[in-house]
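Throughout, residue positions are numbered sequentially from 1 according to the sequence presented. Counting convention: from 1, in listed order, for ligands and their atoms alike. Side chains included, hydrogens not; waters and symmetry mates left out as well; all remaining heavy atoms used. Small disclaimer: the values here were computed from a predicted structure and weren't measured.
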Amino acid sequence: MGLEEVVITEAIMDSYYEKFRSCLQVDIAVVGAGPSGLTAAWHLSRQGWNVAVFERKLSIGGGMWGGGMTWNTIVVQEEGKTVLEEAGVPLILFRDGYYTADAIAATTTLASKACLSGAKVFNCISVEDVLIREDGGQKKVTGLVINSSPVEIAGLHIDPVVIESKYVIESTGHPLEVLHTLIRKNDVRLFTPSGGIEGEQSMWAERAERTTVENTREIFPGMYVSGMAANASFGSYRMGPIFGGMLLSGQKAAQLIDARLREEI
Ligand code: 48F
């Protein structure tokens, strides 16, 4: 059998656009395919929700690939290891409640879990803004404004397109990009003590690991924060290359949104 290049092209076009079309109106749109975003996407999609993940980079995994300072091993503690165990990632006890996992195995397994559970992951797409609506005098995030990352990187003046979502998970990590855009462009108050972004503090792993889970919650109607973005929003600490909090945060975001969506049925 011969190979026809135009058929290959047609297959890619039809398959991609069918995938994209199925995500024009999703239950949950996740911004950022780091550990917290991928965990949230996996846990939500396996509950049967329609989930789309948008990742600016060509690679998924965010800050997890590189372990600490490119030494591609990650550390998780007793609580956090449950998420990796459930995914099937091999863990090694280092000592006294500190476990290590291969960063590549952890990243690829979480990504695989998300995709095989039905989440649609779009790499090379940057979220540049949110869609906003007013309901009874209250503004609410109702979707994402997205563009091709190569368009963004080249600085081309090309308009973005939009997808609608019942909920957005802001999991862009330290830069907290989407929330910064929301607050810069709109006269709104977040569900934080000051009503604005509290900002991230220096490293304190023990406290940061706990608070990143506590701070995982709705920060603005329609928008949840997870992972490092949760601590950066609520003014807590960074934690470095320990990843239990990221995974548990993604899991908590999924549980909270799953409960909300079930209430709304
Ligand atoms: O930074 P990242 O891994 O976020 P996370 O899930 O995990 C944080 C840890 O990796 C580490 C840490 C743990 O100790 O502190 O930093 O909270 O992943 C964030 C992803 O979001 C993408 C970015 O490329 C990365 O892969 N991202 C950021 N802004 C955008 C975006 C955007 N505007 N549109 C699409 N993707």
Quiz item: Should the heavy atoms of other residues, nucleotides or ligands under 6.0 Å from CD of Glu214 be counted, would the total exceed 12?
Solution: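 It does: Glu214 CD has more than 12 such atoms within range.
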
Quiz item: Within a radius of less than 6.0 Å around CZ of Arg184, do more than 12 heavy atoms belonging to other residues, nucleotides or ligands occur?
Solution: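 Enclosed.
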
Just to confirm my output: which protein heavy-atom neighbour is closest to [atom], and how far is it?
{"atom": "atom 13 (C) of ligand 1", "result": "Gly240 O, 3.4 Å"}
{"atom": "atom 35 (C) of ligand 1", "result": "Arg56 N, 3.3 Å"}
{"atom": "atom 2 (P) of ligand 1", "result": "Gly63 N, 3.8 Å"}
{"atom": "atom 8 (C) of ligand 1", "result": "Met246 SD, 3.5 Å"}
{"atom": "atom 20 (C) of ligand 1", "result": "Glu55 OE1, 3.5 Å"}
{"atom": "atom 18 (O) of ligand 1", "result": "Gly34 CA, 3.4 Å"}
{"atom": "atom 28 (C) of ligand 1", "result": "Thr172 CB, 3.6 Å"}
{"atom": "atom 4 (O) of ligand 1", "result": "Gly173 CA, 3.6 Å"}

Pick from [options]: the one approaching [atom] most closely through a non-hydrogen atom:
{"atom": "atom 11 (C) of ligand 1", "options": "Glu170, His174, Met203, Glu200", "result": "His174"}
{"atom": "atom 6 (O) of ligand 1", "options": "Gly227, Ser36, Ser249, Ala33", "result": "Ser36"}
{"atom": "atom 32 (C) of ligand 1", "options": "Thr39, Ile60, Val127, Thr212", "result": "Val127"}

Quiz item: Any non-hydrogen atom of Arg238 lying under 4.0 Å from ligand 1?
Solution: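 Heavy atoms of Arg238 never come under 4.0 Å of ligand 1.
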
Quiz item: At the 4.0 Å heavy-atom cut-off, does Ser171 count as touching ligand 1?
Solution: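 True for this residue.
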
Quick one: are [X] and [Y] in side-chain contact, heavy atoms under 4.5 Å?
{"X": "Met239", "Y": "Met246", "result": "yes"}
{"X": "Asp258", "Y": "Leu44", "result": "yes"}
{"X": "Val168", "Y": "Val127", "result": "no"}
{"X": "His180", "Y": "Ile197", "result": "yes"}

Find all atoms of ligand 1 within a distance of less than 4.0 Å from any non-hydrogen atom belonging to [X], and give their numbers and elements.
{"X": "Phe54", "answer": "35 (C), 36 (N)"}
{"X": "Met239", "answer": "13 (C), 14 (O), 15 (O)"}
{"X": "Glu177", "answer": "29 (N), 32 (C), 33 (N)"}
{"X": "Ile242", "answer": "14 (O)"}
{"X": "Gly32", "answer": "20 (C), 21 (O), 22 (C)"}
{"X": "Gly62", "answer": "3 (O), 18 (O), 25 (C), 26 (O)"}
{"X": "Lys57", "answer": "24 (O)"}

Practice problem: Quick one: look at Ile125 and ligand 1, take heavy-atom pairs under 4.0 Å, and tell me if it's side chain, backbone, both or neither. | Solution: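 Backbone only; the side chain of Ile125 stays clear of ligand 1.
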
Quiz item: Hey, any chance Phe234 and Val141 share a hydrophobic cluster, counting ILVMFWY side chains that come within less than 4.5 Å of each other, even indirectly?
Solution: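 Same cluster: Phe234 reaches Val141 through Ile, Leu, Val, Met, Phe, Trp or Tyr contacts under 4.5 Å.
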
Quiz prompt | Hydrophobic cluster identity match, Val51 and Val26, side-chain contacts under 4.5 Å | solution =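 Per the 4.5 Å side-chain linkage, Val51 and Val26 are not co-clustered.
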
Practice problem: Any chance you could lay out the side chain to side chain contact (heavy atoms under 4.5 Å, CB included) test for Asn147 and Glu152, step after step, and finish with the verdict? | Solution: CA-CA 7 Å; Asn147 212 330; Glu152 182 192 61; 5.6 Å; no

Practice problem: Taking Asn231 for its side chain and Ser236 for its backbone only, find out whether a donor-acceptor pair lies under 3.5 Å. | Solution: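 Judged by distance alone, no pair lies under 3.5 Å.
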
Exercise. Output yes when Lys166 and Glu264 qualify as a salt bridge under the 4.0 Å nitrogen-oxygen rule, no when they do not.
Key: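 So Lys166 does not pair with Glu264 through a salt bridge.
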
Quiz item: Does the N or O separation between Pro241 and ligand 1 drop below 3.5 Å for any pair?
Solution: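 Between Pro241 and ligand 1, no N or O pair is found under 3.5 Å apart.
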
Exercise. Would you mind telling me which of Glu170, Lys252, Arg260 makes a side-chain hydrogen bond (donor to acceptor under 3.5 Å, both in side chains) with Tyr224?
Key: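 Single pass found, and it is Arg260.
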
Quiz item: Parallel under 30°, tilted from 30 to 60°, perpendicular over 60°: which one fits the rings of Tyr16 and Phe122?
Solution: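 Plane angle over 60°, so perpendicular.
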
